[in-house]
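The shown structure was predicted, so the numbers you read here are calculated from the model rather than taken from an experiment. A note on names: the letters A, B, ... follow the listed sequences, proteins ahead of strands, and every chain is numbered from 1.
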Amino acid sequence: MDLSLMNKEQKKAIQSTEGPLLIMAGAGSGKTRVLTHRVAYLLEDRGVPARNILAITFTNKAAREMRDRVSALITEGTQDMWISTFHSMCVRILRSNINHLGYENSFSILDPTDQKSVVKDILKRRNLDPKQHNPRNIIGFISDKKNQLIRPEQSIAEAAAYPDTLYSEMYHDYQQILYRNSALDFDDLIMLTIELFDKEPKVLEYYQNRFQYIHVDEYQDTNHAQYRLITQLAEKYRNICVVGDSDQSIYKFRGADISNILNFEDDYPEAVVIKLEQNYRSSKNILDAANAVIENNTERKPKALRTERDGGPKLQNIVADSERGEAEEVVGNILDLADKYSHSEMAILYRTNAQSRAIEDTFVKSNIPYKMVGGIKFYDRKEIKDLMSYLKVILNPNDDISFERIINTPKRGIGPKTVDKLKAHGQTTGISIFESIKESDFIGIPKTAVVKLMGLVDLLEKLAQKSKFITITELVDEVLESTGYLEVLESEKTIEARSRIENLEEFKTVTREFDRDNEISDELLFTFLSDMALVSDQDGIEDDGGVTMMTMHASKGLEFKVVFVVGLEEGIFPSRRVIYDDKELEEERRLMYVALTRAEDHLFLSRANSRMIFGKTESNMQSRFLSEIPESLVEGGGAFAQGDANTGSGLKKRTPKRSRIVTNNSGVSFAIGDKVEHKKFGEGIISAIKGEGDSQELDIIFNKVGIKRLLANFAPIEKKE
DNA sequence: CAGATTCGAATTTTT
DNA sequence: TTCGAATCTG
């Protein structure tokens, strides 16, 4: 293996193959290169058989890339090597072993929408109001428990007070329903694999022997369950190599536990620790800015990225009037740079998907090609989910969750009352909806509905027969035709319906690709659905030119020559919800760090003096993260001086910048940053202005009582100075 | 039962 | 603002 282009640390990381290894890899430090070379080195120089190597990533895309890059480095094939995500690894293990836990090996995998319908069902059955108990919170609760490897019984036993006691009961219901449907959610995949290993030491030992060399990428994002799983697998050989950067941990809200990486050396006292601090991506100015920001986090291991690149252009500060103006500034700068960089080398990063709208509109108007990552997901679209549900039911008629979705889609006159009766019957007898239909004659369902239900059952059974002899693409066509799904859409003649048909067509490019790689067999549909359950839209981002638009979260692991970070305002980024929680604020700062370190050459930081949020105009102070960047690194207006500075691009003249001014009854005007005196609360400073007219509100940070939101017109306040 | 209308909630989310 | 879901009406 040729390692001559590697630096000292990288070489050491590649060659330390025996025993535990922690690689602390800063942003842009060539982490992926190290990982791929390490695997190749194991294969070629150490003669480790491919089948004894495991590499775990978080995304399918990352897994695919890793396999490709390893393949490019070595002569033999990589088919025997497991390079996969946590989830697909667990699916593979569970498909052959889950019978030990009482589930069918043909288990189906629930997506978040399915989860939601299960929870709503539970709420209904318990006569609870979904408004009082947001299904999202309940799903979140269940997910948390599973990530902590807490089973329903234990959760019930441990629940101390009200909502937890109820939620634990619902967790119990939920798990029971899933079990009866032989369905697993994403968290189950991990939790049940661990349970399997605990229960069946022989199975665990088989995989321990198989995976003698284990690699885990993005280790800072592992949750407790994933940590346990890795610990189990690595216990025997202890050749465990984890790679990560605690400064880039931005998924705590999903259960990621940063202490996994921080405590690695305690778990494996013999561990070798290697720091990769040489950055090969960003210019010095960008890196200095990122380092300056992240240094404000108190809970971190000190680490500073170095670069040999020169300063490069200064960071550009953009202050616009509105989100519209902000978008126009971005476009102006893109046009300026268009002769030096292609569109696909540029990206716009924002905190929330909602912020993409103004930018997208402006892009359309300016004819700038773009691609948007995330937002409304392809596989979340109704038509795709409907189709998938048909396929799932064809494979597994007892999948009630999917069956309920399609029982009256397209409309075939089977209403909620009928469905309720079927479900009730199923509940008392313990059989599925599909089976219940066969007895529908006897459970008080009107004759007309019975006929329709029988017709549906008949159709599905025919499709199930056929599915064994045709390709998935043919099956999809068959479903769309025979159910009348396509017909209904075609007769609608709306733009909406048109786009749904297009999406279904798009789906068929996926099935065609699958059909190309797979032979027709009675396992075909099973294989297809298993594959599909774990793919995400992130996988399909292909480079067809165009500026990338995405959330900062989605940008992790990517790099661009030119990066725009937009919406740098208090309340937007950092998000309003975390401002008073130091821990969460630090996570938010790590997100800023991730965003900044995506940039190679040019970095633009922008904000708007006011913007529409949920239909209301709001003004916010500049983000504290901006103030954390040394002014010497920044250009454009008065850099980050409070509440001032105009655009950096001289291209377009924006309306002269002015903070929004509001007036109260006495005719006094207020702007962000003004000091005020309140009759009761004392001295304070205005931090945000929301809304218009009489309902206009001021957020004021008072020295004594903290932040208060007051009506500008009526609050007893006076401007100071 | 199905379409129309009103109501209310609204980060981030690799699988 | 914009989405989905609950509620109302024919």
Heavy-atom closest contact (A:F573 atom, A:S623 atom, distance): O-OG, 2.9 Å

Under 5.5 Å and under 30°: A:F253 stacked on B:dT12: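 Yes; centroid distance and tilt both under limits.
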
Distance-only polar pair, side chains of A:N296 and A:R624, donor-acceptor under 3.5 Å: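 No.
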
What contact category does [X] fall into here, base, sugar-phosphate, or nothing, at under 4.0 angstrom with non-hydrogen atoms?
X: A:D221; answer: base
X: A:T418; answer: sugar-phosphate
X: A:F86; answer: nothing
X: A:S575; answer: base

Using a 3.5 Å distance criterion without hydrogens, assess whether the side chain of [X] forms a donor-acceptor pair with backbone atoms of [Y].
X: A:S491; Y: A:V488; result: yes
X: A:H215; Y: A:L54; result: yes
X: A:S555; Y: A:M552; result: yes

If you check the [X] side chain, which of [options] turns out closest?
X: A:K120; options: B:dT14, B:dT13, C:dA6; result: C:dA6
X: A:H553; options: B:dT12, B:dT11, B:dT14; result: B:dT12
X: A:E584; options: B:dT13, B:dT11, B:dT15; result: B:dT11
X: A:K417; options: B:dT15, B:dT13, B:dC1; result: B:dC1

Mate of B:dT11 where both pairing distances stay under 3.5 Å, Watson-Crick or G-U: none

Tell me: [atom1] of [X] to [atom2] of [N], nearest whole Å?
X: A:E218; N: B:dT13; atom1: CD; atom2: P; answer: 15 Å
X: A:D531; N: B:dT15; atom1: CG; atom2: C1'; answer: 14 Å
X: A:E618; N: B:dT11; atom1: CD; atom2: P; answer: 13 Å
X: A:D581; N: B:dT11; atom1: CG; atom2: C1'; answer: 14 Å
X: A:K252; N: B:dT14; atom1: NZ; atom2: C1'; answer: 19 Å
X: A:R254; N: B:dT12; atom1: CZ; atom2: C1'; answer: 10 Å
X: A:D420; N: B:dC1; atom1: CG; atom2: P; answer: 10 Å
X: A:I407; N: B:dC1; atom1: CD1; atom2: P; answer: 11 Å

Whether A:Y251 and A:H553 hold their rings parallel, tilted or perpendicular, with breakpoints at 30° and 60°: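 Ring orientation of A:Y251 relative to A:H553: tilted.
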
Geometric class of the A:Y207/A:F197 ring pair [parallel <30°, tilted 30-60°, perpendicular >60°]: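 Rings of A:F197 and A:Y207: tilted, 30 to 60°.
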
Just to confirm, is there a sub-4.0 Å distance from OP1 or OP2 of [N] to any side-chain nitrogen or oxygen of [X]?
X: A:N353; N: B:dT13; result: yes
X: A:T551; N: B:dT13; result: yes
X: A:R576; N: B:dT11; result: no

A:R95 NZ/CZ over A:F107 ring centroid, <6.0 Å and within 45° of normal: yes

Toward the 5' end of DNA chain B, by each residue's nearest nucleotide, A:F186 or A:T352: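 On the 5' side of the pair lies A:T352.
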
Between protein and nucleotides 2-6 of chain B, what N or O pairs are separated by less than 3.5 Å?
unit_1, atom_1, unit_2, atom_2, d
B:dA2, OP1, A:G413, N, 3.3
B:dA2, OP2, A:N408, ND2, 3.1

